[in-house]
Amino acid sequence: MKLKAILLGATTGLAALAATPGIADTSDKRIALSNNYAGNSWRQAMLESWQKNGDAAVADGVVAAADAFTTSENQATEQAAQIQNMILQGYDAIVVNAASPTAINGAVKAACDAGITVVSFDGIVQEPCAWRIAVDFQQMGREQVKYLAERYPDGGNLLEIRGLAGVFVDDEISAGIHDEIKNTNFEVVGSVHGDWAQDVAQKAVAGILPSLPDIVGVVTQGGDGYGAAQAIGATDRAMPTIVMGNRQDELQWWADEKAANGYQTTSLSIAPGVSTLAFWVAQQVLDGNNVPKDLTVPFLTISDASLEEALQTTPKGSVANVEYTLQQAKDVIAAAK
């Protein structure tokens, strides 16, 4: 079974990245990425996808520059200052993975007022002048609970591992989890912030475990499943069903446990290659094309049947990924019209 990206029943196979040369209308345009955080494997893979795609686009004459900048701390004020600096540097488009949906709106509006195209993705912004590329993060949360409800129809206790506190993505996934739990017999008996990082998650889970009753499942946000497994594995507790987030170490642990004792779970996350879609959306806007302000993209789900293929295509230390070509970006845009 092929690995699939799933959204509202639509599927797309894993795509190889390819730039398309000869876009004369944007060959002198400069695009910058404003990224608020790089402290986990997902963000590193996102930046790698951006660089690979951007370097190819520059080499092929599609754009003049595709530079990436990451703030030193996950602070909206710092990112707003970064965007102001990009305005002064004269970039034609700024692609943003935002620290907050609202706190950098002033800087985004200033960029738009200066004639700069702004495209936000993953961590989107609410400023109306910007384009937004998002996954239905609440649905990601709901899908985790639906899977666990199939496994445990009588319900049980759950541990929730959240992401970075105060970030839009964290709030949305958690909201989806709690909304779906209303339809089940599950109860969240503990919640910690894992910051989408395995080491942080492991320490947080280890700290809360002594106070928890038996748990049947762990709902997560990505980048925290392996850390949770390590923390729980160090105790005499039975291993619960931990929903994974497509990181290679999580998938390898799952595969090892599956081979040893038939362990079953599911894994889902937004693909870090969404940064390449954001790049092409910015390029298409600069090229004068009509692009809807709001685009929704699939999240990538790995099942028991597709686990082996996912491991084969995911580099060690990275994340299962989908990267977008220009034509695939055009297809996403066309589907949204």
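Residue numbers run from 1 in the order of the sequence given.
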Colleague: Give a yes or no answer on whether the side chain of Arg247 reaches the backbone of Gln198 with a donor-acceptor pair at less than 3.5 Å.
Modeller: no

Colleague: With clusters defined by side-chain heavy atoms of hydrophobic residues (ILVMFWY) lying less than 4.5 Å apart, directly or transitively, does Leu251 cluster with Val218?
Modeller: yes

Colleague: How long is the straight-line distance from CD1 of Ile87 back to CD1 of Ile94, given to the nearest 0.5 Å?
Modeller: 5.5 Å

Colleague: Quick one: does Val216's side chain get under 4.5 Å of Leu148's, heavy atoms only?
Modeller: no

Colleague: Is there a path of hydrophobic side-chain contacts, each under 4.5 Å between heavy atoms, that joins Val118 and Ile124?
Modeller: no

Colleague: From the options Thr71, Asp122, Thr70, select the one residue that forms a side-chain hydrogen bond (donor to acceptor under 3.5 Å, both in side chains) with Asn35.
Modeller: Thr70

Colleague: Keeping the roles fixed (side chain from Asn246, backbone from Thr301), state whether a donor-acceptor pair exists under 3.5 Å.
Modeller: no

Colleague: Hey, mind stepping through Phe168 and Ser100 against side-chain contact (heavy atoms from CB on, under 4.5 Å) and telling me if it holds?
Modeller: CA-CA 6 Å; Phe168 165 81; Ser100 164; over 6 Å; no

Colleague: OG/Ser27 to CG/Asp60 distance, rounded to the nearest 0.5 angstrom?
Modeller: 12.0 Å

Colleague: If I take atom CH2 from residue Trp196 and atom CD1 from residue Ile173, how far apart are they, to the nearest 0.5 angstrom?
Modeller: 7.0 Å

Colleague: If we count only N and O atoms by modelled type, under 3.5 Å, do the side chains of Ser34 and Gln79 hold a donor and an acceptor together?
Modeller: yes

Colleague: Under the criterion salt bridge (charged side-chain N to carboxylate O under 4.0 Å, His left out), which of Asp224, Asp195, Asp170 is the partner of Arg162?
Modeller: Asp170

Colleague: What's the spacing between Ile83 CD1 and Ile104 CD1 if we round to 0.5 Å?
Modeller: 4.0 Å

Colleague: Show your reasoning for whether side-chain contact (heavy atoms from CB on, under 4.5 Å) applies to Met244 and Leu268.
Modeller: CA-CA 6 Å; Met244 300 299 181; Leu268 67 168; over 6 Å; no

Colleague: Would you say the side chain of Ile177 lies within less than 4.5 Å of the side chain of Arg142, judging by non-hydrogen atoms?
Modeller: no

Colleague: Run the ring-centre check on Trp253 versus Tyr263 and record whether the distance is less than 6.0 Å.
Modeller: yes

Colleague: Do Gln221 and Ile161 touch side chain to side chain, with heavy atoms closer than 4.5 Å?
Modeller: no

Colleague: Quick check against the 3.5 Å criterion: does Thr265 have a side-chain atom that pairs as donor or acceptor with the backbone of Ile242?
Modeller: yes

Colleague: Taking atom CD1 of Ile215 and atom CD1 of Ile208, what is their separation to the nearest 0.5 Å?
Modeller: 9.0 Å

Colleague: Starting from the C-alpha separation in whole Å, work towards a yes-or-no answer on side-chain contact (heavy atoms from CB on, under 4.5 Å) for Val145 and Phe186.
Modeller: CA-CA 9 Å; Val145 179; Phe186 290 120; 4.2 Å; yes

Colleague: For Arg43 and Asn36, test the side chains for any donor-to-acceptor distance below 3.5 angstrom and give the result as yes or no.
Modeller: yes

Colleague: Quick one: does Ser120's side chain get under 4.5 Å of Trp131's, heavy atoms only?
Modeller: no

Colleague: Would you kindly confirm whether Val169 and Val274 end up in one hydrophobic cluster when ILVMFWY residues are joined by side chain heavy atoms under 4.5 Å apart?
Modeller: yes

Colleague: Can you see whether Asn321 engages Ser49 through a side-chain donor-acceptor pair at a distance of less than 3.5 angstrom?
Modeller: yes

Colleague: If Ile, Leu, Val, Met, Phe, Trp and Tyr residues are connected whenever their side-chain heavy atoms lie under 4.5 Å apart, and connections chain through other members, are Leu277 and Val96 in the same group?
Modeller: no

Colleague: Examine Phe121 and Ile31 and state if one hydrophobic cluster contains both, with Ile, Leu, Val, Met, Phe, Trp and Tyr joined whenever side-chain heavy atoms are less than 4.5 Å apart.
Modeller: yes

Colleague: What closest approach, in Å, do Pro153 and Asn185 show between heavy atoms, and which atom pair accounts for it?
Modeller: O-ND2, 3.8 Å

Colleague: Between Glu143 and Gln139, do the side chains contain an N or O donor and an N or O acceptor separated by less than 3.5 Å?
Modeller: yes

Colleague: I'd like to check Trp254 versus Leu307 (side-chain heavy atoms, cut-off strictly below 4.5 Å). Are they in contact?
Modeller: yes

Colleague: Measure across Ala80 and Ala107 and return the closest heavy-atom pair with its distance rounded to 0.1 Å.
Modeller: O-CB, 3.7 Å

Colleague: Gln284 side chain to Val291 main-chain N or O, any donor-acceptor pair under 3.5 Å?
Modeller: no

Colleague: Is there a donor-acceptor pair under 3.5 Å between the side chain of Gln126 and the backbone N or O of Thr102?
Modeller: no

Colleague: According to salt bridge (Lys or Arg N to Asp or Glu O under 4.0 Å), who are the partners of Asp214, at least two apart in sequence or on a separate chain?
Modeller: none

Colleague: Supply the atom-to-atom distance Asp67 CG to Arg30 CZ, rounded to the nearest 0.5 angstrom.
Modeller: 6.5 Å

Colleague: Any side-chain to backbone donor/acceptor pair from Trp50 onto Thr276? Under 3.5 Å, distance only.
Modeller: no

Colleague: If we ignore hydrogens and angles and just use 3.5 Å, is the side chain of Glu187 paired with the main-chain N or O of Gly156 as donor and acceptor?
Modeller: no

Colleague: Would you name the heavy atoms of Leu286 and Ala93 that are closest together and state the gap between them?
Modeller: CD1-CB, 3.8 Å

Colleague: Is Pro240 close to Ile232 at the side-chain level, that is, under 4.5 Å between some pair of heavy atoms?
Modeller: yes

Colleague: Could you check whether atom NZ of Lys316 has more than 12 heavy atoms from other residues, nucleotides or ligands sitting under 6.0 Å from it?
Modeller: no

Colleague: Taking all atoms of both residues into account, what is the closest heavy-atom pair of Pro213 and Asn157, and its distance?
Modeller: CG-ND2, 3.6 Å

Colleague: Give a yes or no on whether the backbone of Gln264 and the side-chain of Asp304 come within a donor-acceptor separation of less than 3.5 Å.
Modeller: no

Colleague: Taking the basic N atoms (NZ, or NE/NH1/NH2) and the acidic carboxylate oxygens, is any pair closer than 4.0 Å for Arg132 and Asp294?
Modeller: yes

Colleague: For atom CD of Gln89, is the number of surrounding heavy atoms from other residues, nucleotides or ligands below 6.0 Å larger than 12?
Modeller: yes

Colleague: So, His193 side chain and Leu164 main chain: donor-acceptor pair closer than 3.5 Å or not?
Modeller: no

Colleague: Restricting to non-hydrogen atoms, name the atom on Ala336 and the atom on Leu295 that form the minimum distance, rounded to 0.1 Å.
Modeller: CB-CD2, 3.4 Å

Colleague: Applying the side chain to side chain contact (heavy atoms under 4.5 Å, CB included) criterion to Ile133, which one of Val95, Ile270, Val119, Thr296 satisfies it?
Modeller: Val119

Colleague: Would you mind checking if Lys29 and Asp287 are paired as a salt bridge, meaning a charged N to carboxylate O distance below 4.0 Å?
Modeller: no

Colleague: Side chains of Thr241 and Tyr152 only: does a donor on one sit below 3.5 Å from an acceptor on the other?
Modeller: yes

Colleague: Begin with the C-alpha distance, continue with both residues' side-chain angles, and end with the deciding distance and a verdict on side-chain contact (heavy atoms from CB on, under 4.5 Å) for Lys146 and Asn183.
Modeller: CA-CA 9 Å; Lys146 288 179 180 179; Asn183 303 319; over 6 Å; no

Colleague: Compute whether any side-chain donor of one residue and acceptor of the other, for Asn40 and Gln44, lie under 3.5 angstrom apart.
Modeller: no

Colleague: At their closest point, which heavy atom of Glu250 faces which heavy atom of Gly245, and how far apart are they?
Modeller: OE1-N, 2.7 Å

Colleague: Are the side chains of Asp136 and Met140 in touch, meaning some heavy atoms are under 4.5 Å apart?
Modeller: no

Colleague: More than 12 foreign heavy atoms under 6.0 Å from OH of Tyr226: is that the case here?
Modeller: no

Colleague: Say whether, by atom type as modelled, one donor and one acceptor occur between the side chain of Trp280 and the main chain of Tyr324 under 3.5 angstrom.
Modeller: yes

Colleague: Is it true that Lys109 and Asp113 make a salt bridge, defined as a side-chain N closer than 4.0 Å to a carboxylate O?
Modeller: yes

Colleague: Would a 4.5 Å heavy-atom cut-off, applied to side chains only, mark Gln248 and Pro315 as touching?
Modeller: no

Colleague: Compute whether any side-chain donor of one residue and acceptor of the other, for Ser72 and Glu78, lie under 3.5 angstrom apart.
Modeller: yes

